[in-house]
Structures are given as C-alpha cells and as structure tokens.
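Here the structure comes first, spelled out in structure tokens, and everything after it is commentary.
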Amino acid sequence: MAVAVAIVGVSFGVLAEPVIGSAASVVMSVFVFAGSAQFAANAVLGAGGSITAAVTAAILLNLRYVPMGIALAPSLRGDALKRGAYGQAMVDASWAMANRGGGRFDPDFMLGATLPQYPAWVLGTAAGVLAGGAIGDPADYGLDALFPAFFLFLLVNGELRSGRRAVAAAALGAGIGLALTPLAPAGVPVIVASAGALIGLLPGGEGPAEHPEIEGDPVG
Amino acid sequence: MADAWVVVIALVVTTLVIRASGPVLLGGRELPAAASSVIALLAAALLSALVVTETFRGEGSELIVDERALGVGAAGLVLVLRGPLLVAMGVAMAVTAGARALL
C-alpha cells in the first residue's frame with residue numbers, strides 16, 4: 001500500500017508545485033496527510049478559485065471522516081486525547097483494512113497500516129515537487145484509476161461477502177453517490193451516501209455478522 | 001503565494017478537528033444496538049460511493065465513462081476472478097494508461 005501511496009504522492013507533488021509552490025506542497029503533505037482534500041484544494045486554486053472555495057472543497061471531502069470516525073469510535077478505548085490521536089491515523093485505506101465486520105475495527109491495525117503510508121506520502125510529494133515537469137501529466141500513467149481499484153478490492157473481498165444487507169447498503173451508497181455527483185459539490189455525494197447504512201434499521205436483520213478476513217496481503 | 005499558506009493552515013486545522021470528532025465525541029463506550037447495526041453497514045455504503053464517484057466523476061462534476069472506468073472495470077474483473085490486490089491495481093493503471101495512449 002505504501003508503494004501506491006508514494007506514487008500518488010508523487011503525482012500530488014507534480015500537480016501542486018506549479019500552483020502553491022514547493023514548500024507549501026510539502027508542508028501540506030506533512031501536516032494535512034489527506035490526499036483527496038489536498039488534490040481538491042489544489043485543483044480549485046489552480047483553476048483560479050478563491051481561498052474560501054479551495055478550503056470548502058477540502059472540508060467537504062474530509063467530512064467523510066465524520067461517519068468513518070463514528071464507525072471507528074466504539075472500537076476505541078482510552079481517554080478523549082488518545083481517541084482523538086487514533087482519529088488522526090484515519091486514512092481511507094487503513095480505516096477500511098482495519099474493519100473487522102459487524103461494526104468492529106482494530107485500531108492498532110489501522111495505526112500500523114497508516115505508519116508506512118505517512119513517510120511514503122510525504123517523500124512521494126517531495127519527489128514529485130523536485131521531479132516536476134520531467135514526469136509530465138500523472139494521468140498519462142493511469143494513476144487516477146489506482147484508488148478506485150483499491151476501494152473496489154476492499155468492497156469485493158470484504159464488505160460484499162458479509163451478507164445481503166451489506167450488499168444492499170453498498171448498492172444504495174453507489175446509487176446515491178452517482179445520483180448526487182452531477183448535482184452536489186465534490187465530497188458531498190460520498191457523505192450523503194453513508195445514509196445507505198440506514199437500512200440497518202430495518203427489522204429482521206441478520207445482525208452484525210463477522211465478515212471474512214480479506215484474503216491476500218492488503219498491505220502491499 | 002500567501003494564499004497558498006492560508007489554505008495550508010486552514011486544511012491542517014480543519015482536517016485535525018474533523019478526524020478527531022467521531023472518536024472524541026462517541027468513543028470508548030458501547031452504542032445502542034440500532035446504532036451498531038447502522039455503523040456495521042457504513043463501510044459498505046462509503047466504500048461503494050468512493051468507488052463510483054472516483055471512477056465516473058469528470059472534471060466538472062459531470063458523470064463520465066472514460067479510460068479510467070475501463071481500467072477500474074478491468075481491475076474488477078481481476079478481483080472477481082480472485083486475483084491479488086497488486087495485480088488488480090497494476091491492471092487498473094496499465095489499462096487506463098494504455099487506453100489513453102491508444103484512443
């Protein structure tokens with residue numbers, strides 16, 4: 001996984017350097033460490049958008065960490081400070097890999113999965129900033145297909161095998177996401193799509209089932 | 001360039017607060033059964049929404065089917081045939097890049 005994160009980090013560095021400069025690109029990766037929000041803020045600024053528009057786009061994308069954090073919360077022990085610190089280790093890939101099904105998460109697994117991704121993201125960004133124009137357009141390498149493929153892996157090998165309700169929630173999530181994409185700002189469709197989980201309130205559920213361990217080694 | 005630093009600082013603060021919110025406010029205790037059964041399904045709903053939005057969203061928020069969708073579709077085929085993750089990700093990149101070069 002760290003390899004994929006590093007590659008995406010390089011592409012962030014390449015795209016961000018001409019817009020916000022070398023230092024701000026690297027500092028952003030060091031202290032924000034949220035790929036989609038960083039790409040979005042940068043894209044808005046690059047297109048001539050205002051500071052407010054750039055920050056709003058990033059916040060909207062990051063708001064998915066609210067439902068993700070709510071899902072994680074019951075698995076966390078310790079005082080508020082410690083729990084908040086675990087929350088900082090929440091990046092999409094680690095959060096999803098730490099999901100043990102039935103609403104349970106393994107917080108230490110999540111932390112362990114995030115640790116190698118952090119230097120990969122920062123060093124990748126630095127490499128992209130330095131290499132800059134020599135690399136060209138990251139889209140030429142198909143990098144934009146990397147993360148959807150990864151999320152698809154977690155969906156197909158994990159969630160969709162954990163019962164019919166998970167399949168229904170996934171179908172609802174995908175439907176809401178597609179329907180809202182042309183209508184709402186980037187980030188909003190994913191947040192609203194979490195409402196797909198509300199079918200868990202219907203009576204006659206299977207109960208929170210364990211889902212099978214994801215096969216293969218997700219931490220590539 | 002000053003604008004860039006304002007954006008960086010705003011992102012640092014908001015990201016930290018957003019990531020801490022769920023764990024700080026709701027952590028460390030068991031939730032009611034109804035909440036648990038919803039939470040158990042959050043991952044499925046969020047992941048599938050991430051897949052479709054990151055696959056079909058165009059530059060201007062419109063829905064598009066382009067080379068990227070081809071690449072993600074090929075990765076899906078690898079996964080359904082129980083291929084490993086790294087193969088699926090490699091196929092996604094290769095098919096997307098290949099299609100962009102050819103089409």
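Lettering of chains follows the sequences in order, A, B, ..., and the numbering in each one begins at 1.
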**Asked** Heavy atoms, side chains only, cut-off 4.5 Å: are A:V190 and B:E54 in contact?
**Response** no
**Message:** Using side-chain heavy atoms (C-beta onward) and a distance below 4.5 Å, is A:F33 in contact with B:T15?
**Reply:** no
**Complete:** Okay, A:N62 and chain B: the region with an atom under 4.5 Å from a heavy atom over there is both
**Request:** Check whether A:N42 gets within reach of chain B through its side chain, its backbone, both or neither, counting any heavy atom under 4.5 Å.
**Result:** neither
**Request:** Compare all side-chain heavy atoms of A:F150 with those of B:L85 and state whether any distance is below 4.5 angstrom.
**Result:** yes
**Prompt:** Can you say whether B:S21 sits under 4.5 Å from chain A via the side chain, the backbone, both, or neither, judging by heavy atoms?
**Reply:** side chain
**Request:** Under 4.5 Å heavy-atom distance to chain B, tell me which part of A:A139 shows up: side chain, backbone, both or neither.
**Result:** both
**Complete:** When rounded to the nearest 0.5 Å, the distance separating CD1 of B:I18 from CG of A:L63 is 4.5 Å
**Prompt:** How far does CG of B:L11 sit from CD1 of A:I59, to the nearest 0.5 angstrom?
**Reply:** 7.5 Å
**Item:** Ionic contact status for A:D144 with B:R100, cut-off 4.0 Å
**Value:** yes
**Message:** If you define the side chain from C-beta out and look only at heavy atoms, does anything of A:T181 sit under 4.5 Å from B:F56?
**Reply:** no
**Asked** What distance do A:W95 atom CH2 and B:L47 atom CG have between them, rounded to the nearest 0.5 Å?
**Response** 5.5 Å
**Item:** A:P74 and B:I39, any side-chain heavy atoms less than 4.5 Å apart
**Value:** yes
**Prompt:** Which bit of A:L160 comes within less than 4.5 Å of chain B, counting heavy atoms only: side chain, backbone, both or neither?
**Reply:** neither
